[in-house]
Amino acid sequence: MLAEDPSVAEQGITVVCRERGLVLYGEVESPHRREQILRRVAERFPDVPITSDIGVTRTQPPSQVEELP
């Protein structure tokens with residue numbers, strides 16, 4: 001559903017069905033994107049508890065230069 005929905009088109013999220021609901025795992029580029037995904041899943045499964053283990057990856061370049069010894 002997440003990969004085929006044009007408003008989401010997210011392939012990097014794994015959804016696992018547990019006894020107490022759905023658990024979403026993966027990485028996205030922003031907190032807004034994570035909320036968008038959670039909202040779409042909640043709309044599709046309104047009576048199922050949803051737990052998010054979706055992390056946010058840094059998409060901006062580093063602010064400091066890494067100096068190697």
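Throughout, numbering of the chain's residues begins at 1 and tracks the sequence.
The two residues Arg34 and Ile54 have their closest heavy-atom pair at NH1-O, 2.9 Å.
A continuous path of Ile, Leu, Val, Met, Phe, Trp and Tyr side chains, each step under 4.5 Å between heavy atoms, connects Val48 with Ile37, placing both in one hydrophobic cluster. Using a 4.5 Å cut-off between side-chain heavy atoms of Ile, Leu, Val, Met, Phe, Trp and Tyr, with links allowed through other members, Ile13 and Val16 fall into different hydrophobic clusters.
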In sequence, state the C-alpha distance, the side-chain angles, and the governing distance for Leu38 and Ile50, and then conclude on side chain to side chain contact (heavy atoms under 4.5 Å, CB included).
CA-CA 8 Å; Leu38 293 173; Ile50 299 169; 4.1 Å; yes
What verdict does the side chain to side chain contact (heavy atoms under 4.5 Å, CB included) test give for Asp53 and Leu24, after you've listed the backbone C-alpha separation in whole Å, the side-chain angles of each residue and the deciding distance to 0.1 Å?
CA-CA 6 Å; Asp53 194 13; Leu24 280 66; over 6 Å; no
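Sparse packing is recorded around CD of Glu4, with 12 or fewer heavy atoms of other residues, nucleotides or ligands lying under 6.0 Å away.
Judged by distance alone, the side chains of Gln36 and Arg33 do bring a donor and an acceptor atom under 3.5 Å apart.
Interatomic distance, Arg40 CZ to Arg44 CZ, rounded to the nearest 0.5 Å: 10.0 Å.
Within the 3.5 Å criterion, the main-chain N or O of Val23 finds no donor-acceptor partner in the side chain of Thr51.
The shortest side-chain heavy-atom distance between Glu29 and Val56 does not fall under the 4.5 Å cut-off.
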